[in-house]
2 protein chains.
Amino acid sequence: MGTPAEARWLTSEETRSWLALTAVMIKLPYALDTQLQRDSGLNHFEYQVLAGLSERPGRSMRMSDLAVLANGSLSRLSHVVGRLEKRGWVRRAPDPDDGRFTLALLTDAGWDKVVETAPGHVAAVRKYVFDALTPEQIRQLAEIGAQVIQAIDPGDHCLEFQRGTDAHN
Amino acid sequence: MGTPAEARWLTSEETRSWLALTAVMIKLPYALDTQLQRDSGLNHFEYQVLAGLSERPGRSMRMSDLAVLANGSLSRLSHVVGRLEKRGWVRRAPDPDDGRFTLALLTDAGWDKVVETAPGHVAAVRKYVFDALTPEQIRQLAEIGAQVIQAIDPGDHCLEFQRGTDAHN
DNA sequence: TTCGGACGGTTGACGCTTCAAGTAATTGCG
DNA sequence: CGCAATTACTTGAAGCGTCAACCGTCCGAA
């Protein structure tokens, strides 16, 4: 039995940390998707798209920027926006400045959808994450997350998207 | 534009933390899957299944226990084990003690696959997570993760699976 | 001992994501 | 100017996960 021979395995502290992290990576997205799906018929990615647009001046964004903001591929975004368009929450228009870009626009119905969906989603985020942590841990989490993202993708700037300039309070 | 009115939005510290966490939830699984897929033709879940079995006495486990260990549904596991069986790395047998249970058994070929795959995977985990963090942060992460999992699913015991009793060093 | 319910697992259909190949608009180089 | 390369996006097919319905095994009560 035992374990395959390996160069440098994990210490028990690292293993503990790793098990917790993998469990969070699986369970948290699932929990959030479940709440959103049940209460609004949206998955987390779709919500991020609508919420992202809602917080921009003009309620619009280029597809490629929106993809970065939502941490998804352009292809995925294209499919999703297609669905959201069919449901009347988003529409597309070519960017007047450069015909290669496509602008995604949040419709009035889409705005209403965000307004109706956001409180429940924020409550879930609170319940599953922030209410379970101390302010100190929240600070630590931000730091840890930033460093991991840096290690995965040094060129990534998604954390600099501070979601518009409006103050949430 | 501004933001839809909400009961209790996130503080800026919480938002920072939240953006980092969502990015990690998306990017880390993707990064790990990419490495595994490229080097071994396995995804992370499949690897967890094989690795989980490899660390058990008898290289076998009941399907339902294996599903908990791998943080997945029984249905998902059934599909995956079906695929792994077709590739010759796992086989199934009814539990002699109780015919309702099914045992998943790691074959010799499956064992070899784990031995050949594990070092690269562990190296990726190191690269993306532990090498980017201080020992103190690793400890903090374990704590934070455990509390979030507790908040999501109070009845969950997946962290108590300490992956067999063998010491990895 | 037999029948009902609970438990463990499997299956197939559907939906979503990815991947690769494609189109359309623009830039840059000769 | 004209054509190739680049950029931004779209599309269709294939693979994976979820959900709901299903089957087989076991236990317990009458």
Side-chain angles (χ1 to χ4, degrees), chain A residues 22 25-38 40-50 60-87 90-105, chain B residues 25-38 40-50 53 60-87 90-105:
Chain A
T22 50
M25 286 191 314
I26 306 291
K27 290 181 192 303
L28 184 53
Y30 181 79
L32 293 173
D33 271 337
T34 301
Q35 179 272 325
L36 279 170
Q37 201 67 251
R38 179 170 44 78
S40 316
L42 294 171
N43 63 33
H44 192 227
F45 188 79
E46 292 168 332
Y47 174 78
Q48 280 184 304
V49 167
L50 295 180
S60 77
M61 215 187 297
R62 289 174 170 180
M63 292 288 283
S64 34
D65 292 338
L66 190 51
V68 172
L69 174 64
N71 292 300
S73 68
L74 199 44
S75 168
R76 180 181 186 181
L77 181 65
S78 183
H79 285 293
V80 165
V81 168
R83 275 178 257 146
L84 294 175
E85 208 168 14
K86 226 172 272 173
R87 301 217 250 167
V90 170
R91 59 189 185 80
R92 279 184 263 212
D95 187 329
D97 298 347
D98 184 336
R100 282 173 304 183
F101 290 95
T102 300
L103 295 177
L105 289 298
Chain B
M25 285 191 314
I26 306 291
K27 290 182 193 302
L28 184 53
Y30 182 80
L32 294 173
D33 272 337
T34 301
Q35 180 271 324
L36 280 170
Q37 200 66 252
R38 179 170 44 77
S40 316
L42 295 171
N43 63 33
H44 191 226
F45 188 80
E46 292 168 331
Y47 174 78
Q48 280 186 305
V49 168
L50 295 180
L53 288 176
S60 77
M61 214 185 298
R62 288 175 171 179
M63 292 290 282
S64 34
D65 292 338
L66 191 50
V68 172
L69 173 65
N71 292 301
S73 67
L74 199 45
S75 168
R76 180 180 186 183
L77 180 64
S78 181
H79 284 294
V80 165
V81 167
R83 275 177 256 146
L84 295 176
E85 207 167 14
K86 227 172 273 173
R87 301 217 250 167
V90 170
R91 59 190 186 78
R92 279 184 263 214
D95 187 330
D97 298 347
D98 185 335
R100 281 173 303 181
F101 291 95
T102 300
L103 295 177
L105 287 299

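Order of the sequence lines fixes the chain letters, A, B, ..., with proteins taken first and strands second; residue numbering starts at 1 for each chain.
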Send over the distance from [X] [atom1] to [N] [atom2], rounded to a whole Å.
X     : N      : atom1 : atom2 : result
B:M61 : C:dG8  : CE    : P     : 16 Å
A:D97 : C:dT27 : CG    : P     : 11 Å
A:Q48 : C:dT17 : CD    : P     : 11 Å
A:L36 : C:dC16 : CG    : C1'   : 16 Å
B:D98 : D:dC26 : CG    : P     : 6 Å
A:L74 : C:dT23 : CG    : P     : 18 Å
B:M63 : C:dT11 : CE    : C1'   : 13 Å
B:F45 : D:dC16 : CZ    : P     : 13 Å

Donor-acceptor contact present, side-chain B:E85 to main-chain B:R92, <3.5 Å: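 Yes, B:E85 side chain to B:R92 backbone: donor-acceptor pair under 3.5 Å.
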Mapping A:L77 and B:S73 onto DNA chain D by nearest heavy atom, which one lands closer to the 5' end?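 Between the two, 5'-proximity favours A:L77.
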With respect to the side chain of [X], which nucleotide from [options] is positioned closest?
X      : options                : result
A:H79  : C:dT18, C:dG8, D:dC19  : C:dT18
A:S75  : D:dG12, C:dA25, D:dC9  : D:dG12
A:R100 : D:dT11, D:dA8, D:dT18  : D:dA8
B:R83  : D:dC16, C:dT11, C:dT10 : D:dC16
A:R76  : C:dT17, C:dG9, D:dG17  : C:dT17
B:F101 : C:dG9, D:dT11, D:dC26  : C:dG9

Between B:L42 and B:R87, is there a side-chain heavy-atom distance shorter than 4.5 Å?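 Yes - at least one pair of side-chain heavy atoms lies under 4.5 Å apart.
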For A:T102, which contact category applies under a 4.0 Å heavy-atom criterion: base, sugar-phosphate, or nothing?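 Sugar-phosphate: the residue A:T102, judged by heavy atoms under 4.0 Å, touches backbone atoms but no base.
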Compare side-chain N and O positions of B:R92 against OP1 and OP2 of C:dG9 and report whether any pair is under 4.0 Å apart.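 Looking at the OP1 and OP2 atoms of C:dG9, neither is under 4.0 Å from any side-chain N or O of B:R92.
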Report the distance from atom OG1 of A:T22 to atom CD1 of A:I26, rounding to the nearest 0.5 Å.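 A:T22 OG1 to A:I26 CD1: 7.0 Å, rounded to 0.5 Å.
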5'-most contact on DNA chain C: B:R62 or A:D95, nearest heavy atom basis?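 Taking each residue's closest nucleotide, the earlier one in sequence belongs to B:R62.
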Report the residue from A:T102, A:L77, A:L103 that forms a side chain to side chain contact (heavy atoms under 4.5 Å, CB included) with A:L66.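 Running side chain to side chain contact (heavy atoms under 4.5 Å, CB included) over A:T102, A:L77, A:L103 with A:L66 returns exactly one hit, A:L77.
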CZ of B:R62: more than 12 outside heavy atoms within 6.0 angstrom?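 Correct, the count exceeds 12.
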